[in-house]
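Residue indices begin at 1 and follow the sequence shown. Reckoned from all heavy atoms, side chains included, excluding hydrogens, waters and symmetry mates.
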Amino acid sequence: MQWSPRVGETVATAVVGLALALAVLLVDPLGRVLLGAAALVAFGLAAQDAVLRPRVRADAAGVTVRALGGARTIPWPALRARLREQRRWGVRSRTLELEDTRDDAVLVVLGRRDLGQDPGVVAEALQAAGAG
C-alpha cells in the first residue's frame, strides 16, 4: 500500500507557478517581488510533491514516510497511527498522525494533500495492517 499527492494537483500547482512567473512581466516592481515569491512557493510545492513519491508506503517491515530530510521507516510494533480532527475558524480539518513509540521525537503529521486521499481512509488501512 502506498499514498502520494495526486498527480493532477501536482501539475496544477506547477501550472499556477508558471502563470505567476509569467505575470511578473506585467506588473510594477513591488508586484514582481510578490508574484515572484508566490511563483517560487508554488514551484517548490510542485517539486516536493514530485520528488517525495510515494509519500507513505506500508509493507511487511512497517511504514516508510518520505520527507525532505530523508525516508524514515517505523516498524509495525512501534507505529501508532491515529486520525486527528479539529475545527478552526469554522473549517474542519483531518490529519493523520504517525508516531514512533520508540522515539518521542518522531511524529509525522500528514493531511489530505500529502496522502492524495482522506486521512481517515489511510488511518483505517494502517490500523487494519497492524498499526497501534
Side-chain angles (χ1 to χ4, degrees):
M1 297 181 290
Q2 62 185 18
W3 296 273
S4 299
R6 295 179 184 171
V7 174
E9 289 178 7
T10 302
V11 170
T13 304
V15 168
V16 167
L18 180 62
L20 290 169
L22 292 174
V24 164
L25 303 172
L26 305 174
V27 296
D28 62 347
L30 180 60
R32 287 185 182 127
V33 171
L34 294 174
L35 286 176
L40 287 176
V41 168
F43 283 137
L45 284 173
Q48 175 183 326
D49 288 351
V51 170
L52 300 178
R53 296 187 74 81
R55 184 66 187 228
V56 176
R57 175 180 290 171
D59 56 20
V63 173
T64 302
V65 181
R66 296 183 69 194
L68 292 176
R72 177 180 295 271
T73 300
I74 306 171
W76 289 111
L79 177 66
R80 184 178 335 169
R82 62 182 167 225
L83 180 67
R84 172 88 48 175
E85 294 188 42
Q86 57 188 3
R87 287 183 64 92
R88 185 173 299 155
W89 294 352
V91 177
R92 182 179 63 100
S93 66
R94 296 168 58 132
T95 56
L96 173 67
E97 293 183 354
L98 301 176
E99 183 179 1
D100 188 344
T101 57
R102 302 169 303 163
D103 186 357
D104 289 341
V106 178
L107 175 66
V108 181
V109 180
L110 302 163
R112 193 210 58 80
R113 187 175 182 285
D114 296 313
L115 299 168
Q117 62 179 262
D118 182 47
V121 173
V122 178
E124 289 174 7
L126 291 176
Q127 289 169 351

Participant: Counting C-beta onward and ignoring hydrogens, is there a side-chain heavy-atom pair between Arg92 and Glu85 closer than 4.5 Å?
Facilitator: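 Heavy-atom side-chain distance check passes, below 4.5 Å.
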Participant: Which atoms form the tightest heavy-atom contact between Pro54 and Ser4, and what is the distance?
Facilitator: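 Smallest interatomic distance, heavy atoms only, reads CA-OG, 2.9 Å.
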Participant: Out of curiosity, Arg80 CZ to Asp100 CG, how far, rounded to the nearest 0.5 Å?
Facilitator: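 Spacing of CZ (Arg80) from CG (Asp100) equals 10.0 Å.
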Participant: How far apart are the closest heavy atoms of Glu97 and Leu107, and which atoms are they?
Facilitator: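 Closest heavy-atom pair between Glu97 and Leu107: CB-CD1, 4.1 Å.
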Participant: Would you mind reporting whether Thr95 and Pro119 have side-chain heavy atoms less than 4.5 Å apart?
Facilitator: no
Participant: Taking all non-hydrogen atoms of both residues into account, name the closest pair between Ala125 and Trp3 and its distance.
Facilitator: CB-CZ2, 4.0 Å
Participant: Kindly compute the distance separating CD (Gln2) from CG (Leu115), expressed to the nearest 0.5 Å.
Facilitator: 12.0 Å
Participant: To the nearest 0.5 Å, what is the distance between CG on Leu79 and OG1 on Thr73?
Facilitator: 11.0 Å
Participant: For Gln117 and Val122, indicate whether the former's side chain and the latter's backbone hold a donor-acceptor pair under 3.5 Å.
Facilitator: no
Participant: Among residues at least two apart in sequence or on other chains, which ones pass side chain to side chain contact (heavy atoms under 4.5 Å, CB included) with Val41?
Facilitator: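 For Val41, the residues satisfying side chain to side chain contact (heavy atoms under 4.5 Å, CB included) (neighbours in sequence not counted) are Leu45.
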Participant: Measure the shortest side-chain to side-chain distance between Leu126 and Leu96 over non-hydrogen atoms and say whether it is less than 4.5 angstrom.
Facilitator: yes
Participant: Tell me whether Asp49 contacts the main-chain N or O of Ala46 through its side chain, where contact means a donor paired with an acceptor under 3.5 Å.
Facilitator: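 No, the answer is negative, given that no donor and acceptor are paired below the 3.5 Å cut-off.
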Participant: For Ala21 versus Phe43, what's the shortest heavy-atom pair and its separation?
Facilitator: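 Closest heavy-atom pair between Ala21 and Phe43: CB-CE1, 4.3 Å.
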Participant: Tell me if a side-chain donor or acceptor on Thr101 pairs with a main-chain N or O of Ala78 at a distance below 3.5 Å.
Facilitator: yes
Participant: What I'd like to find out is whether the side chain of Arg113 reaches to under 4.5 Å of the side chain of Thr13, using heavy atoms alone.
Facilitator: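 Arg113 reaches Thr13 side chain to side chain.
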Participant: Kindly give the heavy-atom pair with the smallest separation between Asp114 and Leu110, and that separation in Å.
Facilitator: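 The answer is OD2-CA, 3.7 Å.
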Participant: Output yes when a side-chain donor or acceptor of Arg87 lies under 3.5 Å from a complementary backbone atom of Ser93, and no otherwise.
Facilitator: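 Checked: no pair found.
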Participant: Return yes when atom CZ of Arg53 has more than 12 non-hydrogen atoms of other residues, nucleotides or ligands closer than 6.0 Å, and no otherwise.
Facilitator: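 Check passes, neighbour count above 12.
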Participant: Please name the pair of heavy atoms, one in Asp118 and one in Arg112, separated by the smallest distance, quoted to 0.1 Å.
Facilitator: N-CG, 4.0 Å
Participant: With a 4.5 Å cut-off on side-chain heavy atoms, are Arg102 and Pro75 touching?
Facilitator: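 Touching, per the 4.5 Å side-chain cut-off.
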Participant: Is it the case that one hydrophobic cluster holds both Leu20 and Val27, taking links as side-chain heavy atoms less than 4.5 Å apart, direct or via other members?
Facilitator: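 Yes, same cluster.
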Participant: Rounded to the nearest 0.5 Å, what's the gap from CD on Gln48 to CZ on Arg55? Could you check?
Facilitator: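 The distance works out to 5.5 Å.
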